[in-house]
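A quick write-up on the structure given underneath.
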Amino acid sequence: MCGIVGFTGSAPAAGILLDGLKRLEYRGYDSSGMALNRPEGLLCLRAVGKVCKLAEKVAAAPEELRRSCCGIAHTRWATHGAPLERNAHPHLDQSRRFAIVHNGIIENYQALRKRLTEKGCEFSSDTDSEVLAHLIAETYRGDLLAAVAAALKQVSGTYGLAVTTSLEPGRIVVARRGSPLVIGLGDGENYVASDVAALIAHTRQVIYLTDGEVASVTPEHVEIRDLDNLPVEREATGIDWDVSQAEKGEYPHFMLKEIFEQPDALANTIRGRLDFEMGTSILNGMNLSPRDLAAIPRIVIAGCGTSMHAGMVGEYYFEDIAGIPTRVEQAAEFRYRNPIIEPNTMVIPISQSGETADTLAAVREAAAKGALVTAICNVVGSTIARESGRGVYLHAGPEIGVASTKAFSCQVAVLLMMALLLGRNRRLSRTEGLALAEEIAKLPELVRQVLDRADSIRDIARRFAQYDNFFYIGRGCLHPTALEGALKLKEISYVHAEGYHAAELKHGPISLLDERHPVLALANDIPGKDKIIGNIQECIARRAPVLAVANPGDAGVRDLGCDVIEVPRSSRFIAPIPTAVALQLFAYYVAAERGCEIDQPRNLAKSVTVE
Ligand code: AGP
């Protein structure tokens, strides 16, 4: 996620801004920048890579420039536009009198950019954010607060925003809708940031902006208004966090933070991509016309680990919803097996990091055979994204915990939207498409309901943390979900967990079952549940402890006498996502109970950039 820091007071701003950016580094980013406000004009410095690169530029700037006591700064996690210096924030209007730093996604930026360009505005970046600088310059009539409010009324999408202008030295205006923004209160100085971590070293008195609010911040004064310029009264909040703790917010681990970020991450993945008029998806990044889509005879999905598991769920989607023959390949296998790629075969590499060596090699093999390579990545501008040339970004924000959580949910959501698009390009009716689009739109709320049950999942996990072996079993889309759940438990708690198709147990694995070998069965109320019930009974008959995932009030499962984790009822296509979230929480709490190092498990790396 991008980071925002701002300062206005009587001390030099540059060092304070750099310190704030460093405290936001944990969020993941690919470039940074700052704008220092002086009566003679704005000094804007930007750098690709780590914050230390920006610090070098600040140190090289003339001393009098660095004496500015007001400025804004940013770490960028690229969403629109590759991680290049020209796309780093701050962005300036062409008079270079207005500077902005922005978190979020401006959904109507293309229309705004077109209008502003036709008016003569010259854009210097590929980002959505830059339109804000030009809009504010356009609406400015002598009051920055009013100008920002007027500009934001033209904007759809999300923003956490900080703005400064050389026409009003010492003043910063901030605003938020859908992306956090906090004001830190000092003595003769004030701060702004996207995250308490950036300012907690200077103050513990903060004011949280809420959506639709705009605030003016000077060294002596903070004024909050709504977009209609009506004043808003807001009490300051005292922060009781220690600065080191603030980097994860209130979470003990990044993994738990990212599990709980999933409603917002899914909302970002889905935002602007469902067409409720036509009952289809809007995935412009695929750059494929309806005719191109209709010509696709087959799909091959390639990935590793969690991304491969997401692809295995996608296989069901593409075949059931779009009627397209689909297979999933472990990316390393794909690259070496001399795969058969017919003209117009679509190959979908899935990779959160966009840097996994085997998946990148699969991209190159597919491209060499003339496939339509369409990537699903989270990191914008990553190698796999760039070399694929087309695809769909997750917009899930950086995933720092080694165990992938929100990426899985968002990958599955993207695959479902791709299947909806391809389905409506074939035999899926508008009515069927609309129903599916409405289900997809409800995913953030569905996941929120799972997260609300975290305490009960923790209590169950504590009881199962004693076991050193597990089977996870599921059917249909819940088979790959079982594989993913087992992987989560394996990689962070070091428990030997294996995922199996439920029907596979009696073909061998069941020989291992006894009272020391629990089975986690995915018994959601979807087709095949009655068979899972039978599998559960087979396990109980062999004295294996059983933990079932089931929908609320499912007596058929509860009557079996096993432990139950409840997840909200949904269709078979939707079930993998809330179920996976429950399994992520289960794995997390087992690992916590076993005292494991959760964010950096032994032997693992976040991105496997080697074969
Ligand atoms: C998932 O929890 C693991 N960290 C690992 O399996 C991961 O999914 C795999 O290495 C693929 O990474 P990618 O999505 O960045 O390509």
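Remember, it's 1-based here, ligands and their atoms both numbered in the order they're listed.
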Problem - For the student: nearest non-hydrogen atoms of Ile532 and Gly474, plus distance - result: CD1-CA, 4.1 Å

Handout entry: Sub-4.0 Å heavy-atom contact, Glu355 with ligand 1
Key = no

Fill in the blank from the handout: Residue pairs meeting salt bridge (charged side-chain N to carboxylate O under 4.0 Å, His left out), one or both in residues 576-595, sequence neighbours left out, come to Arg462-Glu593, Asp468-Arg594

Handout entry: Under 4.0 Å to a heavy atom of Lys488 - the qualifying atoms of ligand 1, by number
Key = 1 (C), 2 (O)

Exercise for the section: Write out all pairs satisfying salt bridge (charged side-chain N to carboxylate O under 4.0 Å, His left out) with one or both partners inside residues 314-326, taking only residues at least two apart or from two chains. Expected result: Asp320-Arg572

Handout entry: Polar contact flag for Val402 and ligand 1 (N/O pairs, less than 3.5 Å)
Key = yes

Completion exercise
Nearest non-hydrogen contact to atom 9 (C) of ligand 1 from the set Ala403, Cys304, Cys377 belongs to Cys304

Practice task
Could you say whether the N/O atoms of Thr359 and ligand 1 ever approach to under 3.5 Å?
Solution key: no

Exercise for the section: Could you list which atoms of ligand 1 come closer than 4.0 Å to a heavy atom of Glu491? Expected result: 1 (C), 2 (O), 3 (C), 4 (N)

Handout entry: Residue pair Phe260, Tyr251: steps toward the ring pair (Phe, Tyr, Trp, His ring centres under 6.0 Å) verdict
Key = CA-CA 9 Å; Phe260 276 82; Tyr251 296 100; 5.7 Å; yes

Handout entry: Min N/O separation Gln411 to ligand 1 under 3.5 Å
Key = no

Problem - NZ/NE/NH1/NH2 to OD/OE distance under 4.0 Å, Glu329 and Arg335 - result: no

Exercise for the section: Please check if atom CZ in Arg463 has more than 12 non-hydrogen atoms from other residues, nucleotides or ligands closer than 6.0 Å. Expected result: yes

Problem - Interfacing atoms of ligand 1 (cut-off 4.0 Å, heavy-atom, Gly305) - result: 6 (O)

